[in-house]
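One is the number of the first residue; the rest follow in order along the sequence.
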Amino acid sequence: IVVNSKQGILSHVYNYPNPFTTHTSFMFEHNMPNQNLYVNITIYSVSGKTVKTIRTMVNTEGTRCDSIEWDGRDEYGDKLGKGVYLYKLAVKSQNGFSDSQYQKIILLN
């Protein structure tokens, strides 16, 4: 998909494995190759409390990012309890494009 410099598409947001026990990787596709993308993943309990925030910058040669990992621990390094969590994966490019999607994640102990 060809777009102008301020548009972009975020798609196929998921994590694998899901459910997971010790670690999972977040993946997504986009149409902004060879650009710095600022990624913010916020993980929420089902009650809406933020339990973990992952911030990173990626630059992919292609249109897929699959290099962001999480070990199932909260902001303080404590292992979260088993259950269902929600996460919001937000991407912002250096050109001003931004998009986000919500997904469900299941943690097993």
Report the C-alpha distance between Y38 and T56 in whole Å, list the side-chain angles of each, state the deciding distance to 0.1 Å, and finish with yes or no for side-chain contact (heavy atoms from CB on, under 4.5 Å).
CA-CA 6 Å; Y38 303 95; T56 190; over 6 Å; no
Are S93 and H30 close enough, and set up right, to give a side-chain hydrogen bond (donor to acceptor under 3.5 Å, both in side chains), and what steps lead you there?
CA-CA 11 Å; S93 76; H30 58 88; over 6 Å; no
Could you go step by step and tell me if D78 and R73 meet the side-chain contact (heavy atoms from CB on, under 4.5 Å) rule?
CA-CA 5 Å; D78 297 325; R73 297 184 180 274; 5.7 Å; no
Show your working on side-chain contact (heavy atoms from CB on, under 4.5 Å) between F28 and C65 and close with a plain yes or no.
CA-CA 5 Å; F28 62 93; C65 175; 3.6 Å; yes
Step by step, work out the side-chain contact (heavy atoms from CB on, under 4.5 Å) result for D99 and I9.
CA-CA 7 Å; D99 197 4; I9 296 176; 5.8 Å; no
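Counting heavy atoms from C-beta outward, V84 and K104 have side chains that approach closer than 4.5 Å. Side-chain contact check for M27 versus R64: some heavy-atom pair is nearer than 4.5 Å. For the pair L10 and L89, the minimum side-chain heavy-atom distance is below 4.5 Å. Proximity of N34 to E61: side-chain heavy atoms (C-beta onward) are separated by under 4.5 Å at one or more points. A 4.5 Å side-chain heavy-atom check between P17 and T24 finds at least one atom pair inside the cut-off. Side-chain contact between V58 and S67: present, with at least one pair of heavy atoms (C-beta onward) separated by less than 4.5 Å. The shortest side-chain heavy-atom distance between K88 and I41 does not fall under the 4.5 Å cut-off. For the pair L86/I43, no side-chain contact is recorded, criterion being any heavy-atom separation below 4.5 Å from C-beta on.
Hydrophobic clustering, with ILVMFWY side chains joined whenever heavy atoms are under 4.5 angstrom apart, keeps Y76 apart from Y85. Under a hydrophobic clustering in which Ile, Leu, Val, Met, Phe, Trp and Tyr are joined whenever their side-chain heavy atoms come within less than 4.5 Å, directly or via other members, I105 and Y14 fall into different clusters. Residues I68 and Y44 are members of separate hydrophobic clusters, defined by side-chain heavy-atom contacts under 4.5 angstrom among Ile, Leu, Val, Met, Phe, Trp and Tyr. Under a hydrophobic clustering in which Ile, Leu, Val, Met, Phe, Trp and Tyr are joined whenever their side-chain heavy atoms come within less than 4.5 Å, directly or via other members, F26 and V51 fall into the same cluster.
A distance of 11.0 Å separates CZ in F20 from CD in E69, rounded to the nearest 0.5 Å. Taking CE of M32 as the start and NZ of K92 as the end, the distance is 12.0 Å to the nearest 0.5 Å. Rounding to the nearest 0.5 Å places CG of L37 at 7.0 Å from CG of N59.
One N or O on the side chain of N18 and one on the backbone of I106 form a donor-acceptor pair closer than 3.5 Å. Between the side chain of T50 and the backbone N or O of K52 there is no donor-acceptor pair closer than 3.5 Å.
H12 and E29 make their closest contact through ND1-OE1, 2.9 Å (heavy atoms, listed as atom of the first residue, atom of the second, distance). Closest non-hydrogen pair, G62 versus P33, comes out as O-CB, 3.2 Å. The heavy-atom pair separating L107 from G81 by the smallest distance is CD2-O, 3.5 Å.
Side-chain atoms of Q35 and N95 include a donor-acceptor pair closer than 3.5 Å.
Between W70 and Y87, the distance separating the two ring centers is not shorter than 6.0 angstrom.
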